[in-house]
Number of protein chains: 2
Amino acid sequence: MSAEGRRLGRPRANEVDVPAADRIIRTAARLFLEQGYDAVTTETVASCSGVTKAMVYYYYGSKTNLFTAAIEWMMDISRARTQEILMSGGRLRDRLHTIAVTRLRIAAPLDVDAILRGTRSTLTEEQLARIHQAEERMVSVIADAFAEAARAGELRAVDPLLAARVFLALLMVGKMEQKQGRLPEERVEAWCTEVMDLFWCGVSADPAAIAPQGVAPAPSVRAAAPPVDHTHPPHPKGEE
Amino acid sequence: MSAEGRRLGRPRANEVDVPAADRIIRTAARLFLEQGYDAVTTETVASCSGVTKAMVYYYYGSKTNLFTAAIEWMMDISRARTQEILMSGGRLRDRLHTIAVTRLRIAAPLDVDAILRGTRSTLTEEQLARIHQAEERMVSVIADAFAEAARAGELRAVDPLLAARVFLALLMVGKMEQKQGRLPEERVEAWCTEVMDLFWCGVSADPAAIAPQGVAPAPSVRAAAPPVDHTHPPHPKGEE
DNA sequence: GTCTATAGAATGATAGAC
DNA sequence: GTCTATCATTCTATAGAC
């Protein structure tokens with residue numbers, strides 16, 4: 001398997017459409033985001049890129065480094081695209097709608113927490129930091145746009161950083177809907193409209209509800225005991 | 001290692017505080033949610049539960065089955081707790097606030113998509129379905145409360161299912177903030193208030209903004225090329 | 001002729017299954 | 001506690017660019 005049909009040695013310059021290093025990082029980003037760090041083997045990345053494992057190591061040195069580079073690369077692309085849309089004119093609300101539709105149409109989910117699940121013990125501190133910084137750059141461009149819109153009076157005085165994270169979380173809801181087959185391509189536009197409306201106006205029936213809340217009185221909360229038997233069917237449960 | 005200090009043979013009934021099967025599933029749920037499926041070994045689950053690997057296989061048969069049972073168990077507990085709060089009286093907004101604070105204080109993140117990352121090829125169809133059903137039960141109890149509040153006039157006529165998913169997504173934002181050290185325990189209450197306010201009232205500065213939007217005109221969008229070199233430092237990048 | 005980009009095979013460790 | 005498959009990583013060889 002791996003790279004069948006390829007000749008040995010360095011290829012002629014006019015024979016390479018996309019350089020190997022690029023093909024590898026694109027493939028890696030897609031696979032890691034789809035399946036997570038552990039589920040993706042270097043062999044898979046290699047064969048899906050049309051090269052051998054040795055090439056992956058030649059260019060990226062280790063699996064952890066490939067992972068870090070791929071995630072960082074993807075986030076930077078996504079941030080650049082988002083920034084471009086934000087810098088175009090018009091109402092913020094419309095620009096956010098465009099971002100939402102764009103991200104749901106083409107972009108992969110970029111939930112750092114989910115991405116890093118299971119890698120925390122494997123990645124070095126420096127690699128973790130690089131990914132977190134890439135994420136912060138992404139959130140910041142949105143937060144900056146929110147802060148500016150608040151100054152311009154288009155937004156309430158909400159915490160821009162919080163609003164940016166909430167906005168991104170909404171997009172992840174859409175990604176999940178797509179993955180589970182509840183949101184076909186042709187309804188993306190409508191879905192974004194509905195969610196942006198929720199984000200922009202909230203759920204309240206009272207238009208004058210915009211007032212800071214005191215702390216709600218907490219009802220009594222107790223954990224309910226689970227009555228279900230979750231053990232493996234063929235095996236008996238020990239009685240006491 | 002594994003279960004040091006334990007004697008061989010079946011323990012006397014008065015010597016077991018929590019039955020082994022329970023300890024195993026609790027430990028497994030915590031570890032799987034924290035670290036993901038692949039990163040957790042059956043050996044780890046066993047030793048953290050104070051039993052041997054053989055016990056894990058005795059009660060749960062396989063790693064995939066243990067995983068399914070653990071996630072399902074955790075979701076059912078979380079759903080039961082949520083349901084209890086929702087059934088208590090008062091304004092929906094206050095009950096949601098209570099749920100938010102409770103989930104951020106004690107519960108693990110329950111993002112099915114993140115949980116299942118990397119397991120899709122390992123789990124059977126039936127196991128996947130069981131987890132998805134457990135999640136739907138969870139979303140449904142919230143959606144039902146939203147539908148009822150809409151009938152009672154406390155909510156706008158938003159899609160209850162969508163609103164429920166958005167609400168849960170906001171809680172995941174909080175979980176992420178906690179994990180990255182940006183949300184210490186003492187600020188949880190205040191954070192929930194702020195986010196619930198966002199959820200309830202939206203971000204708009206215009207209180208009369210609650211009107212369906214037409215589709216926004218899309219500004220031109222082009223991908224920006226990433227100028228950064230993401231390859232492994234020791235290796236040179238081929239120039240064209 | 002030397003260096004670069006590539007393939008193929010070997011090694012060593014881990015972890016699930018039973 | 002043992003068996004075995006998988007996977008990250010390394011080593012070596014080679015064809016062609018420069």
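As the structure is a computational prediction, the values presented were derived from the model and not from experiment. Letters A, B, ... mirror the listed sequences (proteins, then strands); counts begin at 1.
Across the protein-nucleic acid pair, A:Asn65 atom CG and D:dT9 atom P stand 10 Å apart, rounded to whole Å.
OP1 and OP2 of D:dT10 both lie 4.0 Å or more from every side-chain N or O belonging to A:Tyr58.
Looking only at distances, a side-chain donor or acceptor of A:Thr68 sits under 3.5 Å from a matching main-chain atom of A:Thr64.
The structure places CZ of B:Arg117 at 4.5 Å from NZ of A:Lys179, a figure rounded to the nearest 0.5 Å.
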What one-letter contact string describes nucleotides 2-8 of chain D from 5' to 3', where B marks a base within less than 4.0 Å of any protein heavy atom, S marks contact via sugar-phosphate atoms alone, and - marks no contact? -----SB
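Taking 4.0 Å as the cut-off between side-chain N and carboxylate O, A:Glu136 and A:Arg79 do not count as a salt-bridged pair.
Every salt bridge (charged side-chain N to carboxylate O under 4.0 Å, His left out) that B:Glu185 has, sequence neighbours left out, goes to B:Arg105.
Summary of the strand contacts: B:Ala54 and A:Ala54 both lie near DNA chain D, and taking for each the nucleotide with the nearest heavy atom, the more 5' one is attributed to B:Ala54.
Using cut-offs of 30° and 60° for the angle between ring planes, the A:Phe199 and A:Phe167 rings count as tilted.
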